[in-house]
A.B. asks: 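Handing you this structure, nothing more for now.
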Number of protein chains: 2
Amino acid sequence: MGTQQLETVPEPKYWHLRTVLSEALDSEFSVGEILPNERDLAARFGVARATLRQALEQLELEGRLQRRRGVGTTVAPPRVGVAVGTTEQHVWPGAAGDDWQPVDSTLEAPPAAVAGVLETGAEELVHLVRRSRVTHGQPVAAELLYVPASSVPDLSAIDAPAGAARARAVLRELQRLALEGQERAVELGSARADDAKQLDRLPGAPVLVVTTRYFAEGGRTAAVSVATYRADTCRLTFGDSGGVEIHEGPERQAS
Amino acid sequence: MGTQQLETVPEPKYWHLRTVLSEALDSEFSVGEILPNERDLAARFGVARATLRQALEQLELEGRLQRRRGVGTTVAPPRVGVAVGTTEQHVWPGAAGDDWQPVDSTLEAPPAAVAGVLETGAEELVHLVRRSRVTHGQPVAAELLYVPASSVPDLSAIDAPAGAARARAVLRELQRLALEGQERAVELGSARADDAKQLDRLPGAPVLVVTTRYFAEGGRTAAVSVATYRADTCRLTFGDSGGVEIHEGPERQAS
DNA sequence: TAGTGGTCTAGACCACGTA
DNA sequence: ACGTGGTCTAGACCACTAT
């Protein structure tokens, strides 16, 4: 990645720069390596720092770079394949062998959007179970699981234990219900302040929001989960193996 | 949304602005309504245009706004639920009733990343079928479907017809194979120049990339599809109904 | 304390859609 | 021709991390 002048082309400078940097990453850098700082890079390419940053932002969005304030910009490893439930087999959250760690749980009034999906009315309280998911030592997702109190009627007595213990109790009660089906949706969002902290990112960081509806007997919605995955580091897989290597290598998203 | 001074808070101005605007959108604007232009808005909130734009970018990423050069910024409708295959039922692309329109098809050497997934070796040619998906009159996705020539051996004779007709021929041949399974992955990407044009967005626009591997008899990878969905307007659904309304309404992503 | 990325400013000009 | 959002500049200062 030498000192280069950008050609005069009709495409935006930052976009061209993104391509040039992307190719440099493929050929001249290895995973974990530290890039020159933004001021130096901008000077090398003869652009303003803001323009250089626009290119870096793109590459970070694509999972090619990782930037940390006070530290620097490093070449990111390939995205982690994260299994989001096998498509054939429907299981309750908290079933044996899932990768989630219960954090805590409280009894709250559901947000309006959630109350609409749970057909229980906005007045009925729900157990809010917070969980987090860690893969390869890195936090990749934060989940809010909403379980209407009516779905786990035997739980009311066990209100005492707080924190993770309480979360586990709610999940344990869930397993006792018959699971008839589930329904998933994936969309792009931006991390709220609390999610961002849990995922070790800044607020507004791009996230993949996976919403799952769990149906119990009679088609009743027994629980709703809203899971927030780091979009920069995760590839969500919906199959039986989580290790499909596509979109890696030199031309993953080259223009 | 009156002329307001931003409080002096420790959170970034653009983030606070995003929240303020988000609440204004919920309470004072309706879908399709045009916002004041960026220069006016920036002046109203007493910030530089670049800062205001940072807030608008966030809201556009979250699917709340739609910005078009030369036109203006409008309030976006709720995201469209786009069914990405029912999870229980595996079908070949191009099966009766799918929402894709064949565009054209060529015979090419596969990109390295694709060749790795198809276990056919990098030398063997593949049929590249281009398709596009339209929902509610809007283009929502562009697909590149890679079919190794060996998967559709009877096709070699029909090399003559070009364009959509050729694409349909490849898809028709595919249906004759037995489909043993499929495997999906979803990740965030940015639109390449050609995808961007097809999706009516600028290059670099955020997209959800859905990669699907189709397995034929013996676990052989018979085809690979890379579909690029507009991240701002789409919510990908993996269930039997595509109309789950969650994450809509006032508190969809409020901080 | 030094160096990094993150935020913010006040301008300028360009590309595009519409009238 | 005009108004819109998109790009770009050259600075300044802040927040954070490591030494």
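So you know, we letter chains A, B, ... as the sequences are listed, proteins then strands, and number each from 1.
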A.B. asks: Taking only residues two or more places apart in sequence or in another chain, which ones pass side chain to side chain contact (heavy atoms under 4.5 Å, CB included) with A/D98?
C.D. replies: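 A/W100, A/R131.
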
A.B. asks: So, are B/D195 and B/R192 salt-bridged, with charged N and O less than 4.0 Å apart?
C.D. replies: yes

A.B. asks: With nearest nucleotides of DNA chain D determined for A/T51 and B/R49 from heavy-atom distances, which residue corresponds to the more 5′ nucleotide?
C.D. replies: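 Its nearest nucleotide lies further toward 5', so the answer is B/R49.
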
A.B. asks: What is the distance, rounded to the nearest whole Å, between atom CG of B/L35 and atom P of D/dG3?
C.D. replies: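 Distance, rounded to whole Å: 19 Å.
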
A.B. asks: Taking C-beta and beyond as the side chain, do B/V224 and B/T212 meet within less than 4.5 Å on heavy atoms?
C.D. replies: no

A.B. asks: Find which nucleotide of DNA chain C each of B/R39 and B/Q54 is nearest to by heavy atoms, and output the residue with the more 5' nucleotide.
C.D. replies: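 That would be B/Q54.
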
A.B. asks: Under 4.0 Å, counting only non-hydrogen atoms across every strand here, what does B/L56 touch: a base, just sugar-phosphate, or nothing?
C.D. replies: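 Nothing, no nucleic acid heavy atom in range.
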
A.B. asks: Does a nitrogen or oxygen in the side chain of B/N37 sit under 4.0 Å from OP1 or OP2 of D/dG3?
C.D. replies: no

A.B. asks: Can you see whether B/R64 engages B/S22 through a side-chain donor-acceptor pair at a distance of less than 3.5 angstrom?
C.D. replies: yes

A.B. asks: Write down the distance between CD1 (B/I34) and P (D/dT4), rounded to a whole number of angstrom.
C.D. replies: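 It is 10 Å, rounded to the nearest whole Å.
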
A.B. asks: Using the salt bridge (charged side-chain N to carboxylate O under 4.0 Å, His left out) definition, which of the options A/R235, A/R18, A/R79 pairs with A/E62?
C.D. replies: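 Of A/R235, A/R18, A/R79, salt bridge (charged side-chain N to carboxylate O under 4.0 Å, His left out) with A/E62 is met by A/R18 alone.
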
A.B. asks: Donor-acceptor pair, A/S27 side chain versus A/E23 backbone, under 3.5 Å?
C.D. replies: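 Looks like yes, one N/O pair under 3.5 Å.
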
A.B. asks: Round to a whole Å and report the spacing from CZ of B/R69 to C1' of D/dG5.
C.D. replies: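 So the CZ-C1' distance, B/R69 to D/dG5, works out to 7 Å.
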
A.B. asks: First and last nucleotide of DNA chain C in contact with chain A, 5' to 3', at under 4.0 Å to a heavy atom: what are they?
C.D. replies: C/dG3 to C/dT7

